[in-house]
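Structure record follows, encoded as structure tokens.
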Amino acid sequence: MKSDNVKAGMQQAPHRSLFNALGFTEEEMRKPLVGIVSSYNEIVPGHMNLDKIVNAVKLGVAEAGGMPVMVPAIAVCDGIAMGHVGMKYSLVTRDLIADSTEALALAHQFDALVCVPNCDKNVPGLLMAAARLNIPTVFVSGGPMLAGHVDGCKRSLSSMFEAVGTYAAGNMTEEKVREYEQKVCPTCGSCSGMYTANSMNSLTEVLGMGLRGNGTIPAVYSERIRLAKHAGMAVMYALENDIRPRDIITKEAIINALTVDMALGCSTNTMLHLPAIAHEIGFDFDIRMANEISEKVPNLCHLAPAGPTYMEDLNEAGGIYAVMKELADIGLLNTDCKTVTGQTIGEAVANAQNLNPEVIRTVDNPYSKTGGLAVLSGNLAPDGSVVKRSAVVPEMMVHEGPARVFDCEEDAIAAIKGGKIVPGDVVVIRYEGPKGGPGMREMLNPTSAIAGMGLGSSVALITDGRFSGASRGASIGHVSPEAAVGGPIAFVEEGDIISINIPEYKLELKVSDEELARRKANWTPREPKVTTGYLKRYAHMVTSGNRGAVLEIPKD
């Protein structure tokens with residue numbers, strides 16, 4: 001066992017004395033040491049129940065003959081961090097989580113891991129760590145929140161943000177906003193739509209790193225406690241049979257994840273996280289692959305914010321395995337990929353059933369014949385940009401309008417809520433990319449303000465930042481190269497015409513090459529917004545959005 005490096009032999013007597021200080025018995029020290037990486041805290045609603053999940057995992061590990069030890073991982077609530085300096089510290093935690101988990105696991109020589117994340121950056125951060133460490137690992141999340149109810153209709157966090165925009169437009173009372181506050185987030189768990197957290201927890205099932213139901217069983221269901229116990233048992237099976245993350249997280253598995261992503265209509269943030277996970281296994285993930293896959297994968301689900309269904313509905317309809325079965329039956333999944341249980345994907349989904357074709361459309365009756373995400377390119381985004389196509393209204397699939405240019409999110413929000421943005425406009429928010437932000441802030445506030453002001457079917461938003469999974473509409477993010485490094489988005493001027501053609505995957509600035517070259521020659525890089533601390537180091541090392549914003553040591 002790997003943990004014998006800290007438990008066995010005379011040379012390790014000092015180590016054992018410290019295990020004695022922890023209360024370990026000799027019998028426990030003879031068992032495999034299993035790290036339970038817990039994202040539990042009391043500030044993130046998606047993580048406030050993870051103590052119960054961890055206890056269940058520990059019971060499962062112990063039942064199967066292991067010695068479980070809980071260790072922590074940090075977490076940021078994107079909703080609470082939204083719209084202020086705190087959002088600069090969201091994406092950047094993904095790498096802190098991966099690095100700290102690597103450090104804890106190797107410093108203490110764990111034989112295996114069970115990762116217990118839930119929200120946006122914790123899932124990909126821990127997947128990156130798992131691929132890097134390559135010791136037997138199983139994932140079990142805290143589960144999604146139940147949807148809220150207002151006026152007899154299901155609602156979620158995106159409804160809350162849009163309510164603020166509706167209030168700003170004079171179309172909702174303060175009393176009604178207060179009612180939304182009280183009702184849209186009724187339980188613990190990751191927010192109830194197909195936002196980033198639920199997207200990544202769902203794709204963990206597809207990757208084969210989580211058990212069936214990991215992405216969809218609601219946080220408050222006792223079924224999730226049982227799932228956690230089984231996850232603890234499963235990691236011991238993986239350890240005994242030497243099933244490791246890099247046996248599971250392969251190029252083919254990541255393509256499977258992108259394929260199911262298209263069918264589910266996941267958050268655009270998956271196009272940051274899948275490349276970063278791929279980077280850990282040495283797979284050079286080109287985001288333009290998404291278009292090739294999208295052309296052949298039908299969009300089968302319209303979960304909030306794209307439609308009126310929620311994670312609890314997807315769970316009742318058969319969950320992620322039912323979606324995978326629809327795709328596998330027409331040859332769109334690699335069914336030979338492995339899972340943590342020792343089964344192949346084909347074996348795992350063989351008995352899955354679609355129990356509600358209204359929630360999970362069948363492949364012969366999809367919402368659209370093309371997938372939920374699209375990568376747009378052109379002279380405004382030479383290295384690509386990302387849009388959640390399944391959440392765009394038909395009239396905005398092709399759009400052309402004048403640029404309204406802002407150098408930060410706050411200025412754009414003020415203009416939108418101040419009534420200065422009119423139908424037809426294309427709002428451009430720049431210097432919010434991985435380096436320029438720094439931290440690539442999510443733009444849920446401006447997208448929600450656009451929707452709440454009644455402009456969702458007539459105004460587009462383009463940014464080198466990114467969007468919350470709760471954003472909807474013609475919201476195009478990850479524009480690469482970003483403004484801070486001299487990408488073309490830095491040279492857009494007020495009133496320039498921007499052309500968006502999502503079906504043709506095009507994003508064009510209607511300005512001549514000669515004029516762009518002239519503007520570039522006269523461009524002066526902006527001074528860094530942050531010059532101290534972690535964000536300074538992050539900005540120095542981070543790559544562009546199209547590469548997943550992974551960290552690399554800059555070449556001199």
Side-chain angles (χ1 to χ4, degrees), residues 78 81-92 268-269 272 376 378-387 402-416 420-421 425-447 449-450 459-468 471 475-496 498 507 509 511 516 519-549 551 554:
D78 280 16
M82 194 71 65
H84 57 88
V85 68
M87 183 46 68
K88 294 179 185 290
Y89 288 91
S90 171
L91 178 61
V92 304
T268 53
N269 282 315
L272 282 175
L376 312 185
N379 69 343
L380 188 50
D383 294 336
S385 61
V386 182
V387 63
R404 304 298 309 279
V405 184
F406 304 94
D407 286 350
C408 67
E409 175 188 6
E410 289 82 358
D411 290 349
I413 293 170
I416 295 164
K420 297 179 180 179
I421 303 301
D425 283 348
V426 178
V427 176
V428 176
I429 305 177
R430 60 192 179 191
Y431 295 103
E432 291 284 8
K435 285 184 180 294
M440 204 178 187
R441 289 196 287 181
E442 287 186 343
M443 302 288 166
L444 180 56
N445 273 344
T447 58
I450 287 170
V459 168
L461 193 155
I462 295 172
T463 182
D464 52 8
R466 62 194 179 97
F467 296 109
S468 163
S471 292
S475 304
I476 300 165
H478 308 196
V479 170
S480 301
E482 62 174 293
V485 299
I489 192 172
F491 315 135
V492 180
E493 295 182 356
E494 187 81 6
D496 285 347
I498 293 176
L507 181 61
L509 180 64
V511 171
L516 275 179
R519 293 180 187 180
K520 183 173 184 177
N522 293 327
W523 175 74
T524 301
R526 291 169 61 95
E527 290 296 317
K529 293 179 182 177
V530 178
T531 57
T532 60
Y534 177 53
L535 286 182
K536 178 184 177 181
R537 298 196 303 275
Y538 182 87
H540 183 62
M541 297 177 67
V542 72
T543 60
S544 65
N546 69 297
R547 296 189 56 205
L551 300 185

Taking all atoms of both residues into account, what is the closest heavy-atom pair of [X] and [Y], and its distance?
{"X": "P434", "Y": "A549", "answer": "CG-CB, 4.2 Å"}
{"X": "D496", "Y": "F491", "answer": "OD2-O, 4.3 Å"}
{"X": "S385", "Y": "L507", "answer": "OG-CD2, 3.6 Å"}
{"X": "D464", "Y": "M440", "answer": "O-CE, 3.7 Å"}
{"X": "A449", "Y": "I416", "answer": "CB-CG2, 3.7 Å"}
{"X": "L380", "Y": "L509", "answer": "CB-N, 4.2 Å"}

Look only at the side chain of [X] and the backbone of [Y], and say whether a donor-acceptor pair between them is shorter than 3.5 Å.
{"X": "K529", "Y": "Y431", "answer": "yes"}
{"X": "S480", "Y": "S544", "answer": "no"}
{"X": "R466", "Y": "G477", "answer": "no"}
{"X": "N269", "Y": "F467", "answer": "yes"}
{"X": "E409", "Y": "R441", "answer": "no"}
{"X": "D425", "Y": "V459", "answer": "no"}
{"X": "T463", "Y": "I429", "answer": "yes"}
{"X": "R404", "Y": "K420", "answer": "yes"}
{"X": "K435", "Y": "V542", "answer": "yes"}
{"X": "R526", "Y": "D407", "answer": "no"}

For H540, I'd like to know if atom NE2 has over 12 heavy atoms of other residues, nucleotides or ligands within 6.0 Å.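 No - once you tally the heavy atoms of other residues, nucleotides and ligands closer than 6.0 Å, there are 12 at most.
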
Report the distance from atom [atom1] of [X] to atom [atom2] of [Y], rounding to the nearest 0.5 Å.
{"X": "L461", "Y": "I450", "atom1": "CG", "atom2": "CD1", "value": "4.5 Å"}
{"X": "S475", "Y": "M443", "atom1": "OG", "atom2": "CE", "value": "11.0 Å"}
{"X": "I421", "Y": "F406", "atom1": "CD1", "atom2": "CZ", "value": "4.0 Å"}
{"X": "Y89", "Y": "L535", "atom1": "OH", "atom2": "CG", "value": "4.0 Å"}
{"X": "R430", "Y": "E482", "atom1": "CZ", "atom2": "CD", "value": "13.0 Å"}

Going by heavy atoms in the side chains, are H478 and N546 under 4.5 Å from each other?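 H478 vs N546: side chains apart.
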
Does S468 reach the side chain of M82, with side-chain heavy atoms less than 4.5 Å apart?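 In short, these two side chains touch, coming nearer than 4.5 Å.
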
